[in-house]
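Here the structure is a predicted model, which means the values were calculated and not measured. Nothing fancy with the numbering, it's 1 onward along the sequence. Remember, it's 1-based here, ligands and their atoms both numbered in the order they're listed.
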Amino acid sequence: VTIDPGHGGIDPGCGEPDALEKDLVLPISTKLAQLLEQAGVIVVMTRTTDESVSLDDRAIMAKNAASDLFVSIHCNSYEGEARGMDCYYHKNDSAKLLAQSILDRAGALGIVTRQIQKNNYQVLWDTDMPAVLVETGFLTDPADRAALLDPAHQDKVARAIADAVL
Ligand code: ZN
């Protein structure tokens, strides 16, 4: 499984200096990697530090690793009222099934969820294997933002995604 912590390095993603997307998706991704490795899954991370990685390289890493799944981790933002965890897929039924399963598991753990959506993100069409992009919550929403900064909530998000992948 390739885990793709979004953004990094010169690309902070969304959020504010005290809650940047690139800084929040990394611990969630690292926890997810640990949970999957504990279950015997071979994991590849597209980044493990605050470094810049191109979208092309993220797909290439997954391809070179011959991964069976690609899971990209992000945080969302919106100029208005929106909160909750989203999951996007593009390619096929396997990805759609995984996207729905992630939100189902998250909901079962008490995480506010939205609906899965088909979307044309590069990491979703540029990867060879079933791929999903998880928007773990809205950094523009005070409640989501506080939750995403909380290590216990980060654990819960990682657990939901790990359960769905497994
Ligand atoms: Zn993002």
Side-chain angles (χ1 to χ4, degrees), residues 1-33 36 43-63 67 69-91 95-96 98-100 102-103 105-106 111-127 129-151 153-162 164-165:
V1 173
T2 293
I3 300 172
D4 176 43
H7 311 278
I10 58 167
D11 170 16
C14 66
E16 299 294 324
D18 59 338
L20 284 177
E21 179 178 4
K22 67 173 184 174
D23 296 330
L24 295 174
V25 297
L26 194 55
I28 293 170
S29 299
T30 303
K31 289 165 199 279
L32 172 59
L36 292 179
V43 170
V44 172
M45 301 265 290
T46 58
R47 67 179 179 97
T48 55
T49 60
D50 182 17
E51 61 179 323
S52 302
V53 183
S54 74
L55 293 177
D56 289 346
D57 282 346
R58 293 170 198 255
I60 289 167
M61 278 185 235
K63 185 177 187 175
S67 287
L69 290 173
F70 182 91
V71 181
S72 192
I73 309 291
H74 288 255
C75 303
N76 222 335
S77 67
Y78 185 66
E79 295 291 327
E81 269 191 42
R83 71 169 299 199
M85 186 162 150
D86 267 334
C87 198
Y88 295 89
Y89 66 97
H90 175 66
K91 219 171 298 182
K96 186 176 182 182
L98 177 59
Q100 186 61 57
I102 287 170
L103 292 193
R105 299 282 179 163
I111 298 168
V112 177
T113 59
R114 295 160 66 86
Q115 287 185 331
I116 63 166
Q117 294 176 63
K118 194 167 183 176
N119 203 314
N120 198 24
Y121 292 123
Q122 179 173 340
V123 290
L124 298 184
W125 57 255
D126 200 18
T127 39
M129 61 294 299
V132 295
L133 186 148
V134 186
E135 293 281 5
T136 53
F138 286 81
L139 290 176
T140 39
D141 178 82
D144 270 11
R145 185 173 170 282
L148 288 166
L149 283 163
D150 176 6
H153 183 85
Q154 294 173 358
D155 281 341
K156 218 187 263 188
V157 171
R159 167 61 66 185
I161 299 168
V165 167

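Among the heteroatoms counted here (N, O or S) of His7, NE2 is the one nearest to the Zn ion (ligand 1). Atom ND1 is the N, O or S atom of His74 at the shortest distance from the Zn ion (ligand 1). The atom of Glu21 nearest to the Zn ion (ligand 1) is OE2, with the search restricted to N, O or S atoms.
A donor-acceptor pair is defined here as one N or O able to donate and one able to accept, closer than 3.5 Å; such a pair exists between the side chain of Arg58 and the backbone of Pro5. At least one donor-acceptor pair closer than 3.5 Å links the side chain of Asp141 to the backbone N or O of Ala143.
Counting heavy-atom neighbours within 6.0 Å of Arg159 CZ, excluding the residue itself, gives a total of 12 or less. A 6.0 Å sphere centred on CD of Gln117 holds more than 12 heavy atoms belonging to other residues, nucleotides or ligands.
In this structure, Asp57 does not pair ionically with Arg47, as no charged nitrogen and carboxylate oxygen lie closer than 4.0 Å.
Put simply, Cys75 stays out of reach of the Zn ion (ligand 1), with no N, O or S atom under 2.8 Å from it. With a cut-off of 2.8 Å, the Zn ion (ligand 1) has no N, O or S atom of Cys14 in range.
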